[in-house]
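For reference, the structure discussed in these notes is given below.
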There are 2 protein chains.
Amino acid sequence: MHRNPDPRGTCAHEETHGHPIDGDAVESRARSYALSKGVPFTPMRQSVLALLAASGKPMSAYEIAEKVSDTRKLKAVQVYRALEFLQEAGCVHRLASRSAYFACDHLHGEGETVVFMVCAQCGAVQEAASELVARGLRGAAKTTGFRPRHPMIEVEGECAECAGTPER
Amino acid sequence: MHRNPDPRGTCAHEETHGHPIDGDAVESRARSYALSKGVPFTPMRQSVLALLAASGKPMSAYEIAEKVSDTRKLKAVQVYRALEFLQEAGCVHRLASRSAYFACDHLHGEGETVVFMVCAQCGAVQEAASELVARGLRGAAKTTGFRPRHPMIEVEGECAECAGTPER
DNA sequence: TCCTGGGTGTAATGTTGTAACAGCACGATA
DNA sequence: TATCGTGCTGTTACAACATTACACCCAGGA
């Protein structure tokens with residue numbers, strides 16, 4: 001987990017990839033989820049989501065706590081609470097391989113199999129829904145009677161930008 | 001990560017699944033790796049591997065430290081050192097989704113795409129190598145120029161035994 | 001008014017993983 | 001035999017990630 005010196009963004013064009021996602025779209029999805037649950041979409045939740053959406057890259061909860069701090073100093077536990085809501089709302093996903101969180105403006109269908117491609121160098125995440133992968137997973141599962149539940153796949157690799165710049 | 005009350009083995013037939021893997025086979029693989037590297041296959045490494053092989057289920061490093069303690073009390077850092085060797089040797093894999101380690105007696109080929117199916121209830125892990133998944137991943141990657149590096153896929157779900165016993 | 005449910009703020013603690021350093025065992029070499 | 005290097009072990013300390021517990025506030029309903 002702490003194997004890389006800085007797991008999030010050490011490559012040369014740190015600023016250029018991880019293109020920001022549509023903050024308005026993702027926020028409105030969060031709002032309607034809150035509405036449907038009868039809970040408020042609080043400033044706390046709003047600012048955590050806005051930060052993640054603007055950054056467009058995975059961030060750790062502690063990193064979020066640091067950056068969100070507009071005036072007051074935020075504690076990690078408060079960030080985790082906001083993240084919990086945002087994950088339920090489907091606006092934020094957790095990258096287990098990096099213990100990091102990122103905003104996502106895709107609306108993932110129920111049985112959909114999503115692939116997150118994480119650049120080992122710059123940390124940028126690209127998403128794709130692959131029916132072929134889903135079929136492969138079902139095939140692998142069938143032989144053992146296993147029932148896949150949350151087909152969220154994380155693959156480490158090298159994104160196009162980082163692959164194009166071999167230095168560091 | 002700490003979301004489940006006990007991520008490793010809370011279901012009724014805890015003892016029955018996660019069938020132990022072939023301890024002798026996996027140990028001999030570790031021995032030949034050690035030989036090829038010119039380093040010893042120490043009792044420390046041997047006992048960590050033996051424990052993992054016998055349990056057949058993922059365990060955290062701290063859990064291993066507790067259980068291995070035959071006479072002396074083992075510290076986590078020592079377990080991590082043994083695990084590092086065993087991972088290099090290909091005898092042990094790390095489950096990022098649970099921060100846990102498990103022994104594996106398959107010999108995975110170089111570019112092979114391996115799918116680990118983790119039962120959310122009992123924690124048992126089943127492995128499968130899927131060419132279809134590999135192709136799907138390559139297809140998903142191709143559109144963005146992403147180059148997958150370590151195609152180790154973890155899928156949460158429900159194993160056949162747990163699916164058959166709906167209670168709890 | 002009181003009660004209840006949910007969000008917030010804060011402290012404490014638990015869990016996972018590394019860094020750093022001293023000591024030891026063992027083989028190579030002079 | 002002496003010494004040197006290499007790699008494992010034992011130990012302390014700490015960093016990074018995550019949860020629990022509790023007090024407080026505030027809005028809405030009985």
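Per chain, numbering begins at 1; letters A, B, ... match sequence-line order.
- Summarising the geometry of A:Phe146 relative to B:Cys159, their closest heavy-atom pair is CD1-CA, 3.8 Å, with the distance given to 0.1 Å.
- For the OP1/OP2 pair of C:dG9 and a distance below 4.0 Å, the side-chain nitrogens and oxygens of A:Gln78 include at least one atom meeting the criterion.
- Classification of the B:Phe116-B:His93 ring pair by plane angle, with boundaries at 30° and 60°, yields tilted.
- Taking atom CG of residue A:Leu95 and atom P of nucleotide D:dC17, one finds them 13 Å apart after rounding to whole Å.
- Rounded to whole angstrom, the span from the CZ atom of B:Arg98 across to the C1' atom of D:dA18 amounts to 16 Å.
- Toward the 5′ end of DNA chain D lies the nearest nucleotide of B:Lys75, the other residue of the pair B:Lys75 and A:Ala76 mapping further downstream.
- Rounded to whole Å, the distance from CZ on B:Arg81 to P on D:dT6 is 18 Å.
- Considering only side-chain N and O atoms, A:Tyr62 lies nowhere under 4.0 angstrom from the phosphate OP1 or OP2 of D:dA16.
- For D:dC8, the OP1/OP2 oxygens have no side-chain nitrogen or oxygen of B:Thr42 closer than 4.0 Å.
- Side-chain atoms of A:Arg98 and A:Val125, non-hydrogen and from C-beta on, never get closer than 4.5 Å to each other.
- A:Cys104 and A:Val26 make their closest contact through O-CG2, 3.5 Å (heavy atoms, listed as atom of the first residue, atom of the second, distance).
- In this entry the distance linking CG of B:Leu74 with C1' of D:dG10 reads 10 Å, nearest Å.
- Side-chain N/O atoms of B:Arg94 and base N/O atoms of C:dG17 include no donor-acceptor pair closer than 3.5 Å.
- At C:dG7, one or more side-chain N or O atoms of A:Arg45 fall inside 4.0 Å of OP1 or OP2 (strictly under the cut-off).
- Contact check, A:Tyr80 against C:dT8: no side-chain N or O comes under 4.0 Å of OP1 or OP2.
- Rounding to whole angstrom units, CD of residue A:Glu84 and P of D:dT19 are separated by 8 Å.
- One interatomic measurement links the two molecules: CD of A:Glu63 to P of D:dA16, which rounds to 11 Å at whole-angstrom precision.
- For C:dG17, one of the phosphate oxygens OP1 or OP2 lies less than 4.0 angstrom from a side-chain nitrogen or oxygen of B:Ser99.
- Computed from coordinates, the B:Glu66 CD to C:dG14 P distance equals 14 Å when rounded to whole Å.
- Between the P atom of C:dG6 and the CD atom of A:Glu88 lies a distance of 12 Å, rounded to the nearest Å.
- Salt bridge annotation for B:Arg138-B:Glu131: present, with a cationic side-chain nitrogen under 4.0 angstrom from a carboxylate oxygen.
- Taking the nucleotide of DNA chain C with the nearest heavy atom to each of A:Phe85 and A:Val77, the more 5' of the two is matched to A:Phe85.
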